[in-house]
Number of protein chains: 2
Amino acid sequence: MSASTRPAPTKLELLELLAAIGTAQWRDFAAAAAHHGLTSTQARVLAQLNGPLPMRGLATLLVCDASNVTGIVDRLEARELVRREADPSDRRVKNVVATDAGREIIRRVREEMQATHGALDTLDETESATLYALLGRLRPTMEKDAR
Amino acid sequence: MSASTRPAPTKLELLELLAAIGTAQWRDFAAAAAHHGLTSTQARVLAQLNGPLPMRGLATLLVCDASNVTGIVDRLEARELVRREADPSDRRVKNVVATDAGREIIRRVREEMQATHGALDTLDETESATLYALLGRLRPTMEKDAR
DNA sequence: CGGAGTTACTTGATGACATCAAACATCTGC
DNA sequence: GCAGATGTTTGATGTCATCAAGTAACTCCG
């Protein structure tokens with residue numbers, strides 16, 4: 001109920017605040033990645049690799065050209081953080097999978113996002129739940145227009 | 001009050017959701033910028049330029065090397081979106097200011113972040129106020145550790 | 001004053017990311 | 001079984017990122 005008494009923010013104010021949070025989080029992520037010798041792009045790829053993913057699928061997720069992914073995966077593979085596997089059902093496809101080392105390194109990167117962890121720790125359970133619900137509402141719309 | 005009845009999300013879940021929102025917003029911003037022939041970095045610079053800002057200040061805000069800023073501003077200046085002005089009080093310093101064209105183009109970029117606008121439009125006034133308050137709580141902590 | 005040290009900016013070298021166009025192998029549908 | 005679509009890589013080019021080094025200007029202190 002504490003919320004309902006506040007003055008409504010301008011849409012522009014809200015937009016700007018959201019941008020600031022996004023920027024801060026990105027910095028946090030990039031810094032943690034750099035700490036492990038990863039560029040932010042490389043870390044982003046590792047973060048996507050829950051299961052095997054074809055090169056093309058990676059390109060789609062990263063919203064970039066497929067030829068770009070070749071180089072990124074090359075560099076990750078050289079460090080043995082990732083492996084290319086032949087797809088059994090389509091010989092054109094190469095599936096990228098994270099190695100144990102790859103999974104471990106991205107886990108640590110997430111752990112070391114101190115600014116973000118610290119910020120979330122300032123919320124109590126109710127606030128966390130509220131934020132989670134609100135962001136969850138935004139998510140589908142924000143991800144829809146991906147093109 | 002609707003919020004207080006939800007199950008509390010894991011910190012990891014909340015972290016992941018926050019990351020997803022951040023990523024989506026970045027995509028939206030980059031796409032809008034590309035639509036105007038700007039790289040995301042160039043757009044980011046324009047977005048910072050509310051007033052005159054020395055090169056060094058820009059580098060600090062972007063968290064990158066000062067030498068990098070030289071090239072970025074060179075390219076923006078070639079397109080007349082930005083101008084370098086001598087600082088009256090310190091002849092080493094060059095202040096970067098956005099031209100009218102520069103201000104106009106970044107205004108349009110912000111306007112065209114449709115995914116983000118669309119998502120925020122799904123919230124009513126109370127929800128907006130709540131989200132604004134919660135994100136406002138996170139902001140200082142998230143921006144503190146910048147380095 | 002005047003030099004030592006700091007700061008602001010640029011240049012040059014190098015590597016990672018990003019695009020596009022083109023080549024190649026493989027799949028799909030008719 | 002052939003025409004067209006799809007997945008990946010290569011090569012050319014431009015932008016972004018770093019670092020090291022250089023020049024100019026400021027600051028401080030003896």
Side-chain angles (χ1 to χ4, degrees), chain A residues 23 26-27 29-48 52-79 81-97 146-147, chain B residues 23 26-27 29-48 52-79 81-97 146-147:
Chain A
T23 302
W26 177 256
R27 256 207 314 260
F29 181 68
H35 197 261
H36 290 275
L38 294 174
T39 66
S40 30
T41 305
Q42 291 168 349
R44 212 167 139 216
V45 166
L46 282 177
Q48 303 282 358
L53 212 56
M55 303 290 284
R56 192 72 196 69
L58 261 177
T60 302
L61 285 174
L62 300 183
V63 197
C64 75
D65 195 90
S67 65
N68 196 10
V69 178
T70 298
I72 298 168
V73 170
D74 279 351
R75 287 179 281 271
L76 284 173
E77 200 169 26
R79 290 180 55 183
L81 299 176
V82 127
R83 216 175 25 240
R84 274 181 244 236
E85 293 183 348
D87 187 296
S89 71
D90 186 337
R91 281 184 300 165
R92 290 170 304 179
V93 172
K94 293 176 188 171
N95 288 309
V96 185
V97 291
R147 169 208 17 108
Chain B
T23 303
W26 177 256
R27 258 206 315 260
F29 180 68
H35 197 264
H36 290 275
L38 295 173
T39 66
S40 31
T41 305
Q42 290 168 349
R44 212 165 139 217
V45 167
L46 282 177
Q48 302 282 359
L53 211 57
M55 303 289 284
R56 194 70 196 71
L58 262 178
T60 302
L61 285 175
L62 300 183
V63 195
C64 75
D65 195 90
S67 66
N68 195 11
V69 178
T70 298
I72 298 167
V73 170
D74 279 350
R75 288 180 281 271
L76 285 173
E77 200 169 27
R79 291 181 54 183
L81 299 177
V82 125
R83 217 177 24 242
R84 275 181 243 236
E85 293 183 348
D87 188 295
S89 72
D90 186 337
R91 281 183 300 164
R92 291 171 302 179
V93 172
K94 293 176 188 171
N95 288 308
V96 184
V97 290
R147 179 198 27 85

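Note that these values count all heavy atoms, side chains included, but never hydrogens, waters or copies made by symmetry. Chain identifiers are assigned alphabetically (A, B, ...) following the order of the sequence lines, protein sequences preceding nucleic acid strands; residue numbering begins at 1 within each chain.
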Starting at atom [atom1] of [X], determine the distance to atom [atom2] of [N], rounded to an integer number of angstrom.
X: A:Asp90; N: D:dA5; atom1: CG; atom2: P; result: 17 Å
X: A:Asp74; N: D:dT8; atom1: CG; atom2: P; result: 13 Å
X: B:Leu76; N: D:dG14; atom1: CG; atom2: C1'; result: 15 Å
X: B:Lys94; N: D:dA25; atom1: NZ; atom2: C1'; result: 12 Å
X: A:Trp26; N: D:dA17; atom1: CH2; atom2: C1'; result: 13 Å
X: A:Arg27; N: D:dA17; atom1: CZ; atom2: C1'; result: 17 Å
X: A:Ile72; N: D:dT8; atom1: CD1; atom2: C1'; result: 14 Å
X: B:Leu38; N: D:dG14; atom1: CG; atom2: P; result: 18 Å

Please report the shortest heavy-atom distance between [X] and [Y], naming the atom on each side.
X: B:Leu46; Y: B:Leu81; result: CD2-O, 3.9 Å
X: B:Asn95; Y: B:Pro54; result: OD1-N, 3.4 Å
X: A:Gly37; Y: A:Arg79; result: O-NH1, 2.7 Å
X: A:Ala66; Y: A:Ala59; result: CA-CB, 3.7 Å

### Message
Going by the rule salt bridge (charged side-chain N to carboxylate O under 4.0 Å, His left out), which residues pair with A:Asp74 if we only count those two or more places apart in sequence or in a different chain?
### Response
A:Arg84
Distance check, rounded to the nearest 0.5 Å: [X] atom [atom1] versus [Y] atom [atom2]?
X: B:Met55; Y: B:Ile72; atom1: CE; atom2: CD1; value: 8.5 Å
X: A:Leu38; Y: A:Arg75; atom1: CG; atom2: CZ; value: 12.0 Å
X: A:Glu85; Y: A:Lys94; atom1: CD; atom2: NZ; value: 12.5 Å
X: B:Asn68; Y: B:Leu62; atom1: CG; atom2: CG; value: 8.0 Å

### Task
Specify the residue among A:Arg91 and A:Gln42 whose closest nucleotide of DNA chain C lies further upstream toward the 5′ end.
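Here A:Gln42 is the residue nearer the 5' end.
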### Pair B:Ser40, B:Arg44: side-chain N/O donor-acceptor within cut-off below 3.5 Å
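Checked: B:Ser40/B:Arg44 side chains show no N/O donor-acceptor pair below 3.5 Å.
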#### Entry: Residues that B:Thr23 engages under side-chain hydrogen bond (donor to acceptor under 3.5 Å, both in side chains), provided they are two or more places apart
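Residues passing side-chain hydrogen bond (donor to acceptor under 3.5 Å, both in side chains) with B:Thr23: none at all.
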Scan nucleotides 20-24 of chain D against the protein and return all N/O pairs shorter than 3.5 Å with their distances rounded to 0.1 Å.
none

#### Entry: Axis-to-axis angle between the two ends of the helix from C:dC1-D:dG30 to C:dC30-D:dG1 (five base pairs per end, rounded to 10 degrees)
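Comparing the axis at each end, I get an angle of 20°.
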### Task
Describe the nucleic acid contact of A:Thr70 in one word from base, sugar-phosphate, nothing, applying a heavy-atom distance below 4.0 Å.
base
### Query
Just wondering, do A:Leu61 and A:Leu53 contact through their side chains at under 4.5 Å, heavy atoms?
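A:Leu53 vs A:Leu61: side chains touch.
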### Message
Near DNA chain C, counting only heavy atoms under 4.0 Å, which residues of residues 81-89 of chain B show up?
### Response
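Result for residues 81-89 of chain B: B:Arg84, sorted by number.
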### Query
Is any side-chain nitrogen or oxygen of B:Thr41 closer than 4.0 Å to OP1 or OP2 of D:dA17?
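For D:dA17, OP1 or OP2 has a side-chain N or O of B:Thr41 closer than 4.0 Å.
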### Query
Under a criterion of less than 4.0 angstrom to any heavy atom of chain A, what are the 5'-terminal and 3'-terminal contacting nucleotides of DNA chain C?
C:dA16 to C:dC27
